[in-house]
Amino acid sequence: MGTLADLAGQALKRVRLQEARVELATALQQTMLPTLPEHLPGLEVAARYQPSREGLDIGGDWYDAFVMPDGAIALETGDAQGHDVNAAAAMGQVRASMRAIAARDPDPATVLTRTNELLVTMGSARFASCAMLRIDPGDGRVTGASAGHVPLLYARDDGSHSIREMPGGPVLGVLPEADYLEETLPSHWTRTPRWSWSPTAWSKGRP
C-alpha cells in the first residue's frame, strides 16, 4: 500500500507540474498576441486562434496587424517551432523584431530578410515560418512574401475560393544570407472580400 501511495503521489505531482506549465504558456502567449487595431484605412480585420489538434493549443503561432510609418498596413501571421513556453517566447521575439524592422524597411521581402539575419546572428534555437502582406490604402496595391509559411487562401462572395503560394524563401532563423522574394498581387485579389491564413483569418472590407 505504501508503494502504491508513493506512485500515486508522484503521478499527481507530475500532473500538477504539467498544469502549471500549460497555465504559464497560455498566459505568456495571450500576453504576447496583439490587440488588433479597431480602425484601419479601408479594412476590417479579424483574427481567431484555433488549434488544429487537441492538446496543441499552446505554442508559437502569432498574428499581427499595424500601420507603418509610411501609412501602409502590415498584416502578418506565423508559427515559431514548438508547443511550449519556449515556443511562445520565441514567437514574441520574432513578432517584435518584425515590427521594429518594418518601421524602417516596410517591404515584406526586406522585413523577412532582416528578421532572418537577426535570428541567425542571435543563434536562435527555434525557427519560424511567417507570411507578410503590405497593403497600400491609397491605391489598394498588395505586396506579399513568405518565409516557408502556408499558402494564402481567399474566398469570394459566392463561396468559391482560390489558393496562392506566396514567393519568399526558407523559414526564419536557419540559413544565413537567405534571399526572400516578394510579389505584388493581381488587382482582382485586392477586390476580394476575405483573405485567410491558417491559423489566422484576416477579413478585408471593400473600401
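When reading the values below, keep in mind they use all heavy atoms of this one structure, side chains included, and skip hydrogens, waters and symmetry mates.
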For this session: Decide yes or no on side chain to side chain contact (heavy atoms under 4.5 Å, CB included) for Met166 and Leu185, but give the supporting numbers first.
Result: CA-CA 9 Å; Met166 300 290 293; Leu185 300 180; 4.2 Å; yes
Exercise. Got a sec: does the CG of Asp179 have more than 12 other heavy atoms crowding it under 6.0 Å?
Worked result: no
Exercise. Side chain of Ser146, backbone of Glu165: donor and acceptor closer than 3.5 Å?
Worked result: no
Exercise. Can you check side chain to side chain contact (heavy atoms under 4.5 Å, CB included) on Asp79 and Phe127, steps first, answer last?
Worked result: CA-CA 9 Å; Asp79 184 6; Phe127 63 81; over 6 Å; no
For this session: Provide the closest heavy-atom pair for Gly144 versus Pro167 in the form atom of the first, atom of the second, distance.
Result: O-CG, 4.2 Å
Exercise. For the side chain of Asp105 and the backbone of Thr110, is there at least one donor-acceptor N/O pair under 3.5 Å apart?
Worked result: no
For this session: State yes or no: do Phe66 and Leu112 share one hydrophobic cluster built from I, L, V, M, F, W and Y residues joined by side-chain heavy-atom distances below 4.5 Å, directly or via other members?
Result: yes
Exercise. From Leu118 CG over to Ile101 CD1, what is the distance, rounded to the nearest 0.5 angstrom?
Worked result: 6.0 Å
Problem set entry | Backbone of Pro170 reached by a side-chain donor or acceptor of Tyr180 within 3.5 Å | yes
Exercise. Transitively linked via ILVMFWY side-chain contacts under 4.5 Å: Val171 with Met132?
Worked result: no
Exercise. Are Trp62 and Val94 side-chain neighbours, meaning at least one heavy-atom pair lies under 4.5 Å?
Worked result: yes
Exercise. Below 4.5 Å, heavy atoms only, C-beta onward: do Met98 and Cys130 meet side chain to side chain?
Worked result: yes
For this session: With the side chain counted from C-beta on, respond yes when His149 and Thr77 share a heavy-atom pair under 4.5 Å apart, and no when they do not.
Result: yes
Exercise. Below 4.5 Å, heavy atoms only, C-beta onward: do Leu133 and Thr143 meet side chain to side chain?
Worked result: no
Exercise. Is any side-chain heavy atom of Val142 closer than 4.5 Å to a side-chain heavy atom of Arg134?
Worked result: no
Exercise. Going from CD on Glu76 to OH on Tyr63, what distance comes out if it is rounded to the nearest 0.5 angstrom?
Worked result: 13.0 Å
Problem set entry | Closest heavy-atom pair and its distance - Ser129, Gly148 | CB-O, 3.5 Å
Exercise. Would you say Glu182's side chain and Ala109's backbone share a donor-acceptor pair under 3.5 angstrom?
Worked result: yes
For this session: With the side chain counted from C-beta on, respond yes when Met122 and Gln93 share a heavy-atom pair under 4.5 Å apart, and no when they do not.
Result: yes
For this session: With the side chain counted from C-beta on, respond yes when Asp64 and Arg99 share a heavy-atom pair under 4.5 Å apart, and no when they do not.
Result: yes
